[in-house]
Amino acid sequence: MQVQMLTREGAFGATTTTTGATAAPPLAASSSPRTTTPSSNRPFSTSSILRQTRPTPTPLPPPMGPFALITDTIRNQGLRGLWLGQTGTLFRETGGSAAWFGAYELSTRSWISHYNYTSKADLSALQLMSSGALAGISYNVILFPADSIKSNMQTWAELNPGAARSSFIQTGKNIFRTRGLRGLYAGCGLTCLRSGPSSAMIFLIFQRLEQNFGYIFGLP
């Protein structure tokens, strides 16, 4: 629902309209020679025209809450609208989660082997955080194109209601044809900058909690 909420709140750019007023007629010539020169009338006339024809932002509707947005989506798109882009989400979560845990385990085992540790409990906070950061980056890099395609499908559906929708594969082909591989990975750098530190903290906290309170659940 994130894409739908951002789109309907104007995060992708509000449309502008031009007022229907027309330019004011030229000022009538006066008998006084001081008011008949074009230079004396032009600034006021130009200012008036600009005020009348300048685009004004279209008022945006008040933002919709999550429940209202769900109801509106079902009403306009049916239940299928709630699963729009689900294919990309499945690819991202299955492959991404495998990369997330796999990269963390490979990295921690590499630290243990290199320093002849016995378990993860011997790893320092910095070592755990570096392994977690690698896991977070791997999660996003491995299947980021699937998320890009999903977001593109959802944005297209919101900005073009009623228009024919492309399939997941066709949308991916269109992105690759128009923007190449960089288009499929657009925004990946910023996403990794976010997921690296967050995953580092997640795995550090998890590991320390397991070490200190795992006995409650019978963990060794």
Side-chain angles (χ1 to χ4, degrees), residues 1-9 11-12 63-67 69-70 82-155 158 168 171-172 175-176 179-220:
M1 289 297 156
Q2 182 181 20
V3 172
Q4 288 85 344
M5 294 181 73
L6 290 173
T7 304
R8 301 187 189 194
E9 292 180 19
F12 296 123
M64 301 176 64
F67 294 107
L69 184 59
I70 291 173
L82 297 177
W83 274 267
L84 182 63
Q86 179 68 10
T87 303
T89 302
L90 288 175
F91 278 125
R92 181 196 67 192
E93 293 300 324
T94 54
S97 296
W100 199 50
F101 289 106
Y104 177 73
E105 289 296 326
L106 286 174
S107 180
T108 52
R109 291 182 184 185
S110 177
W111 285 119
I112 293 172
S113 175
H114 182 75
Y115 289 99
N116 295 320
Y117 293 151
T118 57
S119 66
K120 295 176 185 175
D122 299 323
L123 297 177
S124 66
L126 184 60
Q127 291 169 331
L128 289 172
M129 291 179 68
S130 64
S131 298
L134 178 62
I137 294 172
S138 300
Y139 171 88
N140 286 284
V141 171
I142 190 70
L143 281 172
F144 193 84
D147 200 50
S148 295
I149 296 172
K150 178 210 69 170
S151 298
N152 189 281
M153 294 175 64
Q154 294 175 337
T155 304
E158 286 299 314
F168 179 83
T171 302
I175 296 175
F176 185 79
R179 291 182 286 166
L181 190 63
R182 293 182 62 181
L184 293 172
Y185 277 90
C188 183
L190 289 175
T191 303
C192 289
L193 287 176
R194 179 200 66 189
S195 64
S198 62
S199 293
M201 293 303 301
I202 288 172
F203 279 107
L204 173 64
I205 294 172
F206 168 77
Q207 199 64 46
R208 291 296 185 247
L209 288 175
E210 184 183 37
Q211 292 173 14
N212 292 282
F213 302 99
Y215 68 91
I216 298 177
F217 304 97
L219 298 176

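Contact between Ala103 and Ala135 at its shortest, heavy atoms only, is CB-CA, 3.8 Å. Minimum heavy-atom separation, Gly95 to Ile142: O-CG2, 4.0 Å. The shortest non-hydrogen separation linking Ala121 to Gln211 is CA-NE2, 3.2 Å. Closest of all the heavy-atom pairs between Gly96 and Leu143 is N-CD1, 4.1 Å. Nearest heavy atom pair, residue Gly172 against residue Ile149, reads CA-CD1, 3.5 Å.
Between Thr87 and Lys150, the closest side-chain pair of non-hydrogen atoms is not below 4.5 Å. Residues Ser138 and Trp100 form no side-chain contact, since every pair of their non-hydrogen atoms from C-beta on lies 4.5 Å or further apart. Residues Trp111 and Ser130 are in side-chain contact: their nearest non-hydrogen atoms beyond the backbone lie under 4.5 Å apart. In this structure the side chain of Phe168 reaches within 4.5 angstrom of the side chain of Met153, judged on heavy atoms. Residues Phe144 and Tyr139 are not in side-chain contact: their nearest non-hydrogen atoms beyond the backbone lie 4.5 Å or more apart. Counting only heavy atoms from C-beta outward, the side chains of Tyr115 and Gln127 approach each other to under 4.5 Å.
Note that the NZ atom of Lys120 and the CZ atom of Phe203 stand 8.5 Å from one another [nearest 0.5 Å]. Rounded to the nearest 0.5 angstrom, Glu210 CD and Ile205 CD1 are separated by 14.0 Å. Within the model, atoms OG of Ser131 and CG of Leu123 stand 6.5 Å from one another, a figure rounded to the nearest 0.5 Å. A distance of 11.0 Å separates CD of Gln154 from OG1 of Thr171, quoted to the nearest 0.5 Å. Note that CZ of Phe176 is 13.5 Å distant from OG of Ser148, once rounded to the nearest 0.5 Å. Separation of atoms CD1 (Ile202) and CG (Leu128) is listed at 13.5 Å; rounding is to 0.5 Å.
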For residues 181-194, please give each side-chain donor-acceptor pair under 3.5 Å, one per line with the distance, not counting sequence neighbours.
from   : atom 1 : to     : atom 2 : distance (Å)
Tyr185 : OH     : Val141 : O      : 3.1
Thr191 : OG1    : Gly187 : O      : 2.9

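In terms of the side chain to side chain donor-acceptor pair (under 3.5 Å) criterion, residue partners of Thr118 (sequence neighbours excluded) are, by chain and number, Asp122. Checked against side chain to side chain contact (heavy atoms under 4.5 Å, CB included), Ala125 has the following partners two or more places apart in sequence or in another chain: Leu204, Arg208. Every side chain to side chain donor-acceptor pair (under 3.5 Å) that Ser195 has, sequence neighbours left out, goes to Asn140. Listed by chain and residue number, Glu105 satisfy the salt bridge (charged side-chain N to carboxylate O under 4.0 Å, His left out) test with Arg109 (two or more places apart in sequence, or in another chain).
Within the structure, salt bridge (Lys or Arg N to Asp or Glu O under 4.0 Å) pairs that include any residue of residues 134-143 do not occur (at least two apart or interchain).
Within a 6.0 Å radius of CZ in Phe91, other residues, nucleotides and ligands contribute 12 heavy atoms or fewer.
Checked by atom type, the side-chain pair Tyr104/Gln207 shows a donor-acceptor distance below 3.5 Å.
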